[in-house]
Structure formats: C-alpha cells, structure tokens
Amino acid sequence: MECRYYKRLDDGRVECMLCPHHCRIAEGKTGICRSRRNQDGMLISEVYGKPCSLAIDPIEKKPLYHFHPGTTCLSLACMGCNFRCLNCQNHEISQVSPSDVNHYELSPEDVVALCLKHHCPGIAYTYTEPLTYLEYIIDCARLAHKAGLWNILVTAGYVCQEPLADLLPYLDAANVDLKSFSDDIYMKVSGGHLQPVLDTILAMKRADVWVEITNLVIPGVNDDMDMIRQMCSWLASNGLAEAPLHFSRFFPRYKMQDTSPTPIATLKAAKQIAEEEGIRYVYLGNV
C-alpha cells in the first residue's frame with residue numbers, strides 16, 4: 001500500500017512527511033518506525049491491512065474513564081512505533097520489523113465487520129503507535145463512522161499536523177501519552193520532542209475530540225514535582241482542566257529493568273499537585 005504522506009527526493013530517497021522525524025529513506029530501507037519502506041522510489045506501508053494484535057477490551061483499559069464507561073471496544077494494533085521508549089510495555093510488537101511478527105489479513109471492511117460481529121460500539125487503535133499506520137486507520141475510521149461506530153486513538157501523539165487533520169473528522173476519543181514535560185527527557189527516553197505532542201493535544205481539543213491524558217511516572221526520570229506542576233498548569237491553562245489525567249505507575253520493562261516501581265506516595269503527590277493546579281479529574285493507574 002502506497003503511503004499518502006511523503007515526497008520523492010532527487011537522490012532516489014523519499015522523505016516521509018507523517019511525523020516530525022521526517023525520515024529520509026534510501027531505497028530498500030525503512031524509517032524509524034520500521035513499517036514504512038522506500039520501494040523503487042515509492043513509500044510503502046508494510047503493515048496496511050495487517051494487524052498483529054486484536055482483542056476486545058473494556059474501554060477503561062485504554063484508559064478512557066469519561067467516554068462511554070462500561071462499554072467495550074475492538075482493540076487493533078499493527079506493528080511499528082516512531083518512538084524508542086526505553087520502558088516500552090509492548091516492545092515485542094512495537095520495536096521489531098513487520099517480518100518478525102505474525103499478523104492477520106484484515107481490510108478496513110473486515111475490521112468494521114468484526115467489530116459489529118462482536119457487538120463492540122467502537123474500535124480502538126492502540127498497543128503500538130497507531131499514527132505510524134495512519135492510512136489504514138483513516139480508511140477503517142471512515143467506514144466505522146458510516147456504520148455508527150466510535151473511533152478511539154491511544155497514542156503518543158508524535159505526528160505532523162497535516163496528516164493528523166485528515167484523521168480528526170473521524171476521531172471520537174483519544175488517550176494521549178504525555179511522557180513528561182521536558183524536551184530533554186523526551187529525547188533521552190523516547191527519541192523525540194515534546195512540542196509536537198502538545199500540538200497534537202491542542203489540535204484534538206480544537207476538533208472536539210474527547211481527550212484524556214496519561215502520564216507514566218518513572219522514578220528518577222520524570223517524577224520531579226515541579227515539572228509535574230508545570231505540565232498540569234499547561235493543561236489547565238489550555239482548556240484541559242476537565243480532561244481526565246491518569247498518573248500511571250511504572251514497573252520495570254524492556255530496557256529499564258533496573259528502575260524500581262513507582263512508589264504510591266509519588267503518585268499521590270502528583271495527584272495533589274494536579275488538583276491544586278485545577279485539574280478536575282485525576283486518576284491513579286497500575287496501582
């Protein structure tokens with residue numbers, strides 16, 4: 001499947017225009033996400049129509065607590081991610097090549113039919129980074145809306161604004177993983193930048209997408225209370241005081257096996273700060 005967001009360069013490479021990495025990809029190679037390949041001067045999505053994970057989840061697992069609580073969703077993931085998070089919970093499918101992962105063959109029509117078959121009112125694009133297979137999501141989401149289904153995005157939010165704008169008309173709710181409020185920490189832990197994530201959150205709000213925020217609190221990494229206060233202040237001052245904020249407990253994963261689980265006291269302190277800054281709904285996760 002040819003990607004929609006790229007341009008050809010004079011030297012035979014292609015520049016992917018999907019996310020802020022703007023990968024310049026040589027013939028036969030892939031970008032950082034590993035799922036978008038330069039094939040004969042054309043950028044190809046190697047995961048379109050090939051989800052590697054399917055499940056029926058309670059919507060609270062996303063986590064979404066204020067968007068149709070008590071319902072379920074069909075959760076779908078394709079391989080790939082444009083971040084390199086040292087603490088990735090799903091690294092077996094996000095940090096490998098498509099050829100290393102078993103997959104289903106499901107067209108957008110198949111996805112919608114599967115959702116209806118199992119009486120799920122919505123589809124959640126989740127587990128990996130769904131924005132790296134945005135073309136597939138848009139095609140699924142358009143058909144889902146025609147069938148009266150919700151579209152839910154669980155994302156780190158690292159995307160360019162033009163591709164995001166193509167998805168927003170079909171998006172009903174999103175949980176955005178706001179990993180920290182420090183560009184240095186973003187680069188060190190995830191290999192990206194903070195500002196594009198903030199831009200994504202604001203674009204979703206402007207488009208009337210229901211947004212909830214998750215902040216995974218990692219000891220010694222992003223548990224500085226002054227930084228958490230800055231993050232909460234930014235959310236409140238940008239009209240997101242009523243967007244539920246989930247402080248999630250870290251457990252050792254992937255390349256951060258030597259980091260201890262987050263103390264409950266740290267999460268409670270973060271919750272108190274969020275409430276002081278005007279965040280109305282604050283939840284603690286993984287406790």
In short, ring pair (Phe, Tyr, Trp, His ring centres under 6.0 Å) pairs touching residues 124-170 with sequence neighbours left out are His21-Tyr158, Tyr48-Tyr136, Phe67-Trp150, His68-Trp150, Phe83-Tyr158
Is a salt bridge present between Arg142 and Asp166, judged by a nitrogen-to-oxygen distance below 4.0 Å? no
When clusters are formed by joining ILVMFWY residues with side-chain heavy atoms under 4.5 Å apart, either directly or through shared neighbours, do Leu167 and Val47 land in the same one? yes
Are Val111 and Leu54 joined in one hydrophobic group, where the rule is that I, L, V, M, F, W and Y side chains link up if heavy atoms are under 4.5 Å apart? yes
Using only atom types and a distance under 3.5 Å, with no angle test, would you say the side chain of [X] pairs donor to acceptor with the backbone of [Y]?
{"X": "Glu242", "Y": "Tyr281", "value": "no"}
{"X": "Arg37", "Y": "Gly28", "value": "yes"}
{"X": "Asn175", "Y": "Pro63", "value": "yes"}
{"X": "Glu15", "Y": "Ile25", "value": "no"}
{"X": "Gln39", "Y": "Ile44", "value": "no"}

Could you check whether atom CG of Asn102 has more than 12 heavy atoms from other residues, nucleotides or ligands sitting under 6.0 Å from it? no
Determine whether more than 12 heavy atoms belonging to other residues, nucleotides or ligands lie under 6.0 Å from atom CD of Glu162. no
Looking at [atom1] of [X] and [atom2] of [Y], how far apart are the two atoms once the value is rounded to the nearest 0.5 Å?
{"X": "Phe250", "Y": "Thr266", "atom1": "CZ", "atom2": "OG1", "answer": "13.0 Å"}
{"X": "Ser180", "Y": "Asp223", "atom1": "OG", "atom2": "CG", "answer": "11.0 Å"}
{"X": "Asn151", "Y": "Leu149", "atom1": "CG", "atom2": "CG", "answer": "7.5 Å"}
{"X": "Arg34", "Y": "Thr128", "atom1": "CZ", "atom2": "OG1", "answer": "12.5 Å"}
{"X": "Arg36", "Y": "Cys3", "atom1": "CZ", "atom2": "SG", "answer": "3.5 Å"}
{"X": "Arg24", "Y": "Asn38", "atom1": "CZ", "atom2": "CG", "answer": "13.0 Å"}

If we ignore angles and hydrogens, is there a donor and acceptor under 3.5 Å between the side chains of [X] and [Y]?
{"X": "Asp226", "Y": "Gln230", "value": "no"}
{"X": "Thr214", "Y": "Lys62", "value": "no"}
{"X": "Asn82", "Y": "Thr132", "value": "no"}
{"X": "Gln89", "Y": "His91", "value": "no"}
{"X": "Glu129", "Y": "Ser94", "value": "no"}

The single option from Asn238, Leu240, Thr200 passing side-chain contact (heavy atoms from CB on, under 4.5 Å) against Lys205: Leu240
Would Tyr283 and His246 count as a close aromatic pair, with their ring centres under 6.0 Å? yes
is_close_aromatic(His22, Tyr6), centroid dist under 6.0 Å: no
Can you list the residues that meet the ring pair (Phe, Tyr, Trp, His ring centres under 6.0 Å) rule with Tyr104, with sequence neighbours excluded? none
Under the rule for side-chain contact (heavy atoms from CB on, under 4.5 Å), what residues qualify as partners of Asn215, not counting sequence neighbours? Val217, Asn222, Met231, Phe247
